[in-house]
Amino acid sequence: MEREEIKQYLPHREPMLLVDDMEMEGDVAVGHYHVRGDEFFLQGHFPGHPVVPGVIMCEIMGQCSCILIKDELPGRLTFYSGLDKVRFKNQVRPGDTIEVRGKITSRRGLIFFVDAEAKVDGKLCAKGSLIFTLVDKKE
């Protein structure tokens, strides 16, 4: 699934759409985001040494994992309800392509629990348990 198709499911738009492509490999979501270097979140983080902020890494993992619940998304918005055991292991910098892998570990109604990890060139950069809640869109 490429960006234009992703926009059919995710409400995010530039500059907050942080996934270039995603697909399913069995029950695992695989998504990618290439850090160009001109992103808004790099402008002051940090001058002369730009690094993707941890909170943005969590957002990238979340957006890339949304393909896991794509059939539930029409007419709904996805919100984080929690982040558990999030760890940042290595920096992500301009020019890096992040690969995210996510898998649903549990579900309670419209609440989904996903374990996700983000790697660059096979090197772990971030990982954590993500909790999403789906909420009906208001007209």
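This one's a predicted model, so the numbers in the text were calculated from it and none came from an experiment.
Residues Ala29 and Cys64 share a closest heavy-atom pair of CB-O, 3.9 Å. Contact detail for Tyr9 and Lys70: the closest heavy-atom pair is CD2-O, 3.5 Å. Residue Val28 comes nearest to Arg101 through the heavy atom pair CG1-NH1, 3.9 Å, listed as atom of the first residue, atom of the second, then distance. Residue Arg76 comes nearest to Glu72 through the heavy atom pair NH1-O, 3.0 Å, listed as atom of the first residue, atom of the second, then distance. Counting all heavy atoms, side chain and backbone alike, Leu73 lies closest to Cys66 at CD1-O, 3.9 Å. The two residues Leu42 and Val52 come nearest to each other via the heavy atoms CD2-N, 3.8 Å.
Between the CD1 atom of Ile67 and the CD atom of Glu5 there is a distance of 8.0 Å, given to the nearest 0.5 Å. Atom CZ of Arg3 is separated from atom CE of Met22 by 10.0 Å, given to the nearest 0.5 angstrom.
Residues satisfying the ring pair (Phe, Tyr, Trp, His ring centres under 6.0 Å) criterion with Phe40, sequence neighbours excluded, are absent altogether. Not a single salt bridge (charged side-chain N to carboxylate O under 4.0 Å, His left out) links Asp21 to another residue, sequence neighbours left out. Under the salt bridge (charged side-chain N to carboxylate O under 4.0 Å, His left out) criterion, Glu39 pairs with Arg36, not counting sequence neighbours.
Leu134 and Ile131 are assigned to two separate hydrophobic clusters, defined by single-linkage of ILVMFWY side chains at heavy-atom distances under 4.5 Å.
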N/O donor to acceptor pairs below 3.5 angstrom from side-chain atoms of residues 54-63, sequence neighbours left out:
residue, atom, partner, partner atom, Å
Glu59, OE2, His12, NE2, 3.2
Glu59, OE2, Gln63, NE2, 2.8
Gln63, OE1, Leu18, N, 2.7
Gln63, NE2, Met16, O, 2.9

Report, one line per pair, each donor and acceptor closer than 3.5 Å where one atom sits in a side chain of residues 109-130; sequence neighbours left out.
residue, atom, partner, partner atom, Å
Asp115, OD1, Ser129, OG, 2.7

Side chains of residues 81-89: which donor-acceptor partners sit under 3.5 Å, not counting sequence neighbours?
residue, atom, partner, partner atom, Å
Ser81, OG, Thr133, N, 3.4
Ser81, OG, Thr133, OG1, 2.3

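Between Val30 and Glu99, some side-chain heavy-atom pair lies under the 4.5 Å cut-off. Annotation: side chain of Leu10 is in contact with side chain of Val19 (closest heavy-atom distance under 4.5 Å). Inter-residue side-chain proximity for His45 and Val51 is flagged as met; some heavy-atom pair is nearer than 4.5 Å.
Note: Phe132 and Tyr80 meet the aromatic proximity criterion, with ring centroids under 6.0 Å apart.
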